[in-house]
Amino acid sequence: MVRLDNEKGAITITDEVFANLAGDAATSCFGVKAMAARGKDGVFQLRRESMSKGVAARLGEDGSVSLELHIAVDHGVNLMALCSSIMNEVSYKVSMATGVPVKRVDVYVDTMIIG
């Protein structure tokens, strides 16, 4: 949880807010099918309403946030270009929405969907 103080009061932002913002930004990138998570029997896709479960947010002592995203992608996309796009988009949208600097965005491609 991040607490931002100003002259009018305080704003508290939970980890889940960062996770939802990051998941929304990632799924808006071309080539991302869904957020992904690991279950007992392998990788499964997450629907939009549970998208934050494919994201881990860690708050640093310096007031920044680091994000870890697990995604499912379309078959045939350029993974380097896609991951670079996700890193830029997530970093921009999260920092603009919260005012908290994003230290790093790690993207894990857990599965590729054919068809």
Can you hop from Leu79 to Met87 via hydrophobic side chains spaced under 4.5 Å? yes

Heavy-atom nearest pair, Ala72 first then Ala36, reads N-CB, 4.1 Å

With a 3.5 Å distance limit and no angle check, can you tell me whether Ser28 reaches the backbone of Ala25 through a side-chain donor-acceptor pair? yes

On a heavy-atom basis, the closest approach of Asp5 and Ala10 is OD1-CB, 3.1 Å

Looking at Val94, Val55, Val90, which hits side-chain contact (heavy atoms from CB on, under 4.5 Å) with Phe18? Val94

In Å, rounded to the nearest 0.5 Å, how long is the span from CG of Leu67 to CG of Asp106? 9.0 Å

If you round to the nearest 0.5 Å, how far is OG1 of Thr111 from NE2 of His75? 11.0 Å

Transitive ILVMFWY side-chain link Val102 to Ile11, under 4.5 Å: yes

Check against side chain to side chain contact (heavy atoms under 4.5 Å, CB included), Ile86 and Leu82: CA-CA 6 Å; Ile86 291 168; Leu82 175 62; 3.9 Å; yes

Check Val109 against Cys83 and note the closest heavy-atom contact, atom names and distance. CG2-SG, 4.0 Å

May I have the step-by-step check of side chain to side chain contact (heavy atoms under 4.5 Å, CB included) for Glu68 and Arg58, ending in yes or no? CA-CA 8 Å; Glu68 180 180 298; Arg58 286 187 225 28; 3.0 Å; yes

Reported CG-to-CE distance for the pair Asn20 and Met35, which is rounded to 0.5 angstrom: 10.0 Å

Return the set of residues passing side-chain hydrogen bond (donor to acceptor under 3.5 Å, both in side chains) with Ser64 (not counting sequence neighbours), or none when no residue passes. Asp62

